[in-house]
Amino acid sequence: MTTADTDATFPQPRHSPGASVPNATGDMKAIYQRRAVRAYEDRPVSRGDVELLVDAAIHAPSAVNCQPWAFAVVQERGVLARYAADGRKLLLSEPPAIEVAESGLPDMDRLRQMASGPDFELFHGAPALIVIYATSIDGVPDCFLAAENLMLAAWTIGLGTCPIGLARPLFNRAEVKEELNVSREWPCALPIAVGWPDGEVPPTSRRPALIVAWK
Ligand SMILES: Cc1cc2nc3c(=O)[nH]c(=O)nc-3n(C[C@H](O)[C@H](O)[C@H](O)COP(=O)(O)O)c2cc1C
């Protein structure tokens, strides 16, 4: 039995009630009501809950079932604060650091401007961060599927998450990889902030799906 089988005991999610698809039921609710959470309670996430999220992540599909993922969990407040500060400094470095230039994030100039604001906090004050690394260069897309599983599972137990693509440059730095016991060859796929949401998160909008062919 996996941890996911024990969901009968899960508390009801408290955030984002009645999001964009009010009729969504059962498992579909997580898809429609998950939100990027950017305000967290000052309350730790238990080891059991982190393990549950990682377990959900590794049940994602992957090409030829290669499961090309590894997880680094950061919960120590001091380490989180240091990474948040270092990640911000790296984002703002002039000329832009190679990891920033290669981060693959759209509209980097605007993002850098955002990061320069006085209230900017890279992890939004979350008490936990789960960083997903791809254990092969071409494993990043599989890791994104794992990331979505993790975020949906978090929603089902009332935890909030936020993907932190802006922290990817930091977690691709050789010294940070060494500190986290991560191979230099493994690209950082996605850091994910995790914690108990502080307040409700309003629904976000979506453009209609662009279906370009239906033959
Ligand atoms: C690859 C990726 C990177 C992201 N990076 C950040 C980030 O660095 N900081 C942040 O606050 N949100 C980040 N987000 C969250 C998006 O802004 C958010 O998913 C989007 O605005 C839609 O909102 P929703 O998730 O609440 O529906 C990221 C999302 C993805 C998929």
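Note that this is a predicted model, so its numbers are computed, not measured. Residue numbers count from 1 along this sequence. Every number for a ligand or one of its atoms is a count from 1 in the order of the listing.
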Could you check whether any side-chain N or O of N172 sits under 3.5 Å from a backbone N or O of E99, counting only pairs where one atom can act as donor and the other as acceptor? no

Any side-chain to backbone donor/acceptor pair from S93 onto P96? Under 3.5 Å, distance only. no

Nearest non-hydrogen protein atom, [atom]:
{"atom": "atom 15 (C) of ligand 1", "value": "R38 NH2, 3.5 Å"}
{"atom": "atom 25 (O) of ligand 1", "value": "R34 NH1, 2.9 Å"}
{"atom": "atom 26 (O) of ligand 1", "value": "A36 N, 2.8 Å"}

When you compare ligand 1 with [X], is there at least one nitrogen or oxygen pair between them that comes in under 3.5 angstrom?
{"X": "P163", "value": "yes"}
{"X": "G165", "value": "yes"}
{"X": "I164", "value": "no"}

Taking only heavy atoms of [X] into account, list the atoms of ligand 1 that are under 4.0 Å away from them.
{"X": "T204", "result": "23 (O), 24 (P), 26 (O), 27 (O)"}
{"X": "C162", "result": "10 (C), 11 (O), 12 (N)"}
{"X": "L166", "result": "8 (O)"}

Could you walk me through whether V194 and D49 pass the side-chain contact (heavy atoms from CB on, under 4.5 Å) check? CA-CA 10 Å; V194 181; D49 284 340; over 6 Å; no

Nearest 0.5 Å please: distance from the CG atom of L90 over to the CG atom of D86. 8.5 Å

Give a yes or no on whether a salt bridge exists between [X] and [Y], defined as a side-chain N under 4.0 angstrom from a carboxylate O.
{"X": "R112", "Y": "D107", "result": "no"}
{"X": "R184", "Y": "E175", "result": "no"}
{"X": "E179", "Y": "R82", "result": "yes"}

Taking atom 20 (C) of ligand 1 as the reference point, report whether a protein heavy atom occurs under 4.0 Å from it. no

Is the positively charged end of R43 above the ring of W196, judged by distance under 6.0 angstrom from the centroid and angle within 45° of the axis? yes

Taking non-hydrogen atoms only, is R206 closer than 4.0 angstrom to ligand 1 via side chain, backbone, both or neither? side chain

A167 contact mode with ligand 1 (heavy-atom cut-off under 4.0 Å): neither

